[in-house]
2 protein chains.
Amino acid sequence: MAGSTSNRPLRDALEDDIVTGRLSPGDRLDETTLAARFGVSRTPIREALRQLAAAGFVDIRPHRGAVVSAPEPRRMIEMFEVMAGLEGMCARLAARRLLPEDEARVKATLIACRKAARAGDTDAYYYENEQFHRAIYAASANGFLAEQAVGLHKRLAPFRRLQLRVRNRMRASQQEHEAIVSAIFAGDADDAERLITAHVSVQGERFNDLMSSLTKSPMKAG
Amino acid sequence: MAGSTSNRPLRDALEDDIVTGRLSPGDRLDETTLAARFGVSRTPIREALRQLAAAGFVDIRPHRGAVVSAPEPRRMIEMFEVMAGLEGMCARLAARRLLPEDEARVKATLIACRKAARAGDTDAYYYENEQFHRAIYAASANGFLAEQAVGLHKRLAPFRRLQLRVRNRMRASQQEHEAIVSAIFAGDADDAERLITAHVSVQGERFNDLMSSLTKSPMKAG
DNA sequence: AGTCAACTTATTGTATACAATCTTGAGCAT
DNA sequence: ATGCTCAAGATTGTATACAATAAGTTGACT
């Protein structure tokens with residue numbers, strides 16, 4: 001919607017590199033290097049970096065260049081908290097407004113998750129889980145809300161990746177999915193919101209635990 | 001936070017023009033004209049416009065230039081709905097976490113609103129109302145959430161302006177403020193969220209009414 | 001007279017050149 | 001040896017020139 005210009009492919013390619021982990025938080029984004037890599041001049045690279053900075057994927061400091069955003073643990077937790085809140089809104093609205101096409105999409109993605117979970121295929125589950133959550137965003141019947149949710153989801157992707165294969169998390173996650181969908185299909189907005197908020201908050205809490213365990217053992221390291 | 005570069009003043013100036021209404025939704029943003037106005041070349045102007053586009057203040061279509069964002073009524077309503085949700089989150093968290101300094105700030109801005117309301121000074125009330133809402137965002141003790149709320153608040157400002165001086169709205173608004181603060185100070189998260197969500201939703205609903213009254217009278221106009 | 005097409009004009013998109021700022025490293029003093 | 005100063009190098013920020021695309025206009029043809 002916003003920022004649809006002809007250097008859009010550049011922006012998308014860089015964003016994808018960040019979201020999928022080919023570029024890691026903290027990595028430097030040298031304009032000349034990127035220009036050479038994409039076979040263009042620095043000008044469109046700069047414009048793409050500015051857009052990514054405005055969207056929060058990149059950090060630009062004056063005269064010191066761009067780096068992939070690497071939020072402090074504190075801010076990270078805040079972001080997960082907002083993510084939980086946005087998903088709560090989505091689930092609440094979905095429970096109130098669910099259209100047949102959205103119901104079908106949610107059902108289909110839930111089944112795909114179930115299949116991946118039973119097969120113990122974490123890679124497949126990661127993908128299907130994302131589809132499931134996007135289906136719920138869409139089911140809110142609020143396109144703007146869905147965009148915000150997708151945007152924040154992307155920003156958090158590099159950090160969720162770190163804690164993907166937590167022991168037995170997949171099975172518990174899928175049980176939560178089932179309960180969430182039951183609530184939405186039953187039109188129980190309060191339950192749907194409560195359940196999905198808890199479901200998403202787990203990620204933030206696990207991240208929190210991870211961070212504090214990392215920052216406590218090496219003394220003042222970092 | 002994001003996008004702090006040396007052409008930041010440009011970005012801020014343009015954003016301010018949009019937020020305060022010096023530029024209206026739909027207005028064309030000619031690069032050469034802007035460059036002349038700010039006494040710079042087109043390059044930094046373009047970068048500022050790209051950032052504003054990524055933040056949603058501006059719409060850019062390839063080879064066709066930038067215009068101040070003019071969302072469809074449908075999208076507008078969606079944005080107000082998300083605003084209500086974000087403020088609900090803020091109030092809920094504020095009720096749970098309120099720190100003394102945030103309590104003081106909320107109290108001070110509430111009193112300023114009360115004063116403006118009693119004086120019947122709509123301009124003052126508009127300003128103090130904004131301060132009040134920002135105080136609640138800050139009281140959430142979630143800096144990221146507060147940023148998101150401020151950002152969306154700014155994007156909606158050009159449209160809230162249209163419905164400012166609705167008859168008697170100021171008095172009702174202030175009564176709602178008082179109830180919201182009571183709930184937050186009492187630590188009643190559910191009430192705080194419910195009250196502020198309703199308070200903000202009123203704006204979206206009024207906007208909705210306004211739009212439908214405008215689009216219904218002229219047949220298929222536009 | 002109306003419509004379509006090609007041309008002119010204006011505006012955006014990209015590349016390159018130059019200026020300003022930061023970083024880095026060597027040399028010197030303490 | 002350590003820290004500081006200053007200069008050389010590298011990188012970002014801005015201006016300008018040129019290329020590509022869209023909009024507006026004039027003219028011919030039906």
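It should be emphasised that the depicted structure is a prediction, and the values quoted were computed from it without experimental measurement. Order of the sequence lines fixes the chain letters, A, B, ..., with proteins taken first and strands second; residue numbering starts at 1 for each chain.
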*Can you find a side-chain donor-acceptor pair between A:R160 and A:H153 that sits under 3.5 Å?*
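There is such a pair (donor and acceptor under 3.5 Å, judged by atom type) between the side chains of A:R160 and A:H153.
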Close N/O contacts between protein and nucleotides 16-18 of chain D (under 3.5 Å):
residue	atom	partner	partner atom	Å
D:dT16	O4	B:T43	OG1	3.4

Specify the separation, in whole Å, of atom [atom1] of [X] and atom [atom2] of [N].
X: B:E47; N: D:dT12; atom1: CD; atom2: P; result: 12 Å
X: A:E31; N: C:dC22; atom1: CD; atom2: P; result: 15 Å
X: A:R8; N: C:dG13; atom1: CZ; atom2: P; result: 14 Å
X: B:L10; N: D:dA15; atom1: CG; atom2: P; result: 9 Å
X: B:R61; N: D:dA23; atom1: CZ; atom2: C1'; result: 12 Å
X: A:L49; N: D:dT12; atom1: CG; atom2: C1'; result: 11 Å
X: A:R11; N: C:dG13; atom1: CZ; atom2: C1'; result: 18 Å
X: A:L34; N: C:dA15; atom1: CG; atom2: P; result: 14 Å

*Pick out which of B:D17, B:D59, B:L14, B:I18 makes a side-chain contact (heavy atoms from CB on, under 4.5 Å) with B:V68.*
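With B:V68 as partner, side-chain contact (heavy atoms from CB on, under 4.5 Å) holds for just one option, B:I18.
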_Testing A:E205, A:Q203, A:H199 one by one against A:S201 for a side-chain contact (heavy atoms from CB on, under 4.5 Å), which residue passes?_
A:E205
*Closest approach of B:Y125 and B:S173, non-hydrogen atoms and distance?*
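B:Y125 and B:S173 have their closest heavy atoms at OH-OG, 2.6 Å.
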Think [X] has a side-chain N or O under 4.0 angstrom from the OP1 or OP2 of [N]?
X: B:R28; N: C:dT12; answer: yes
X: A:R64; N: C:dT23; answer: yes
X: B:R50; N: C:dG13; answer: yes

*Is there side-chain contact between B:M89 and B:S140, with heavy atoms separated by less than 4.5 Å?*
no
_Check: A:V181 and A:F132 side chains under 4.5 Å, non-hydrogen atoms_ = yes
*Report the nucleotide, chosen from C:dT12, D:dG13, D:dA15, that has the shortest atom-to-atom distance to any side-chain atom of A:R46.*
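In terms of side-chain proximity for A:R46, the closest of C:dT12, D:dG13, D:dA15 is D:dG13.
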_I want to verify a distance call: between D:dA15, C:dG13, C:dT21, whose nearest atom is closest to the A:H63 side chain?_
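That would be C:dT21.
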*Would you give the length of the straight line joining atom CD of B:E47 to atom OG1 of B:T43, rounded to the nearest 0.5 angstrom?*
7.0 Å
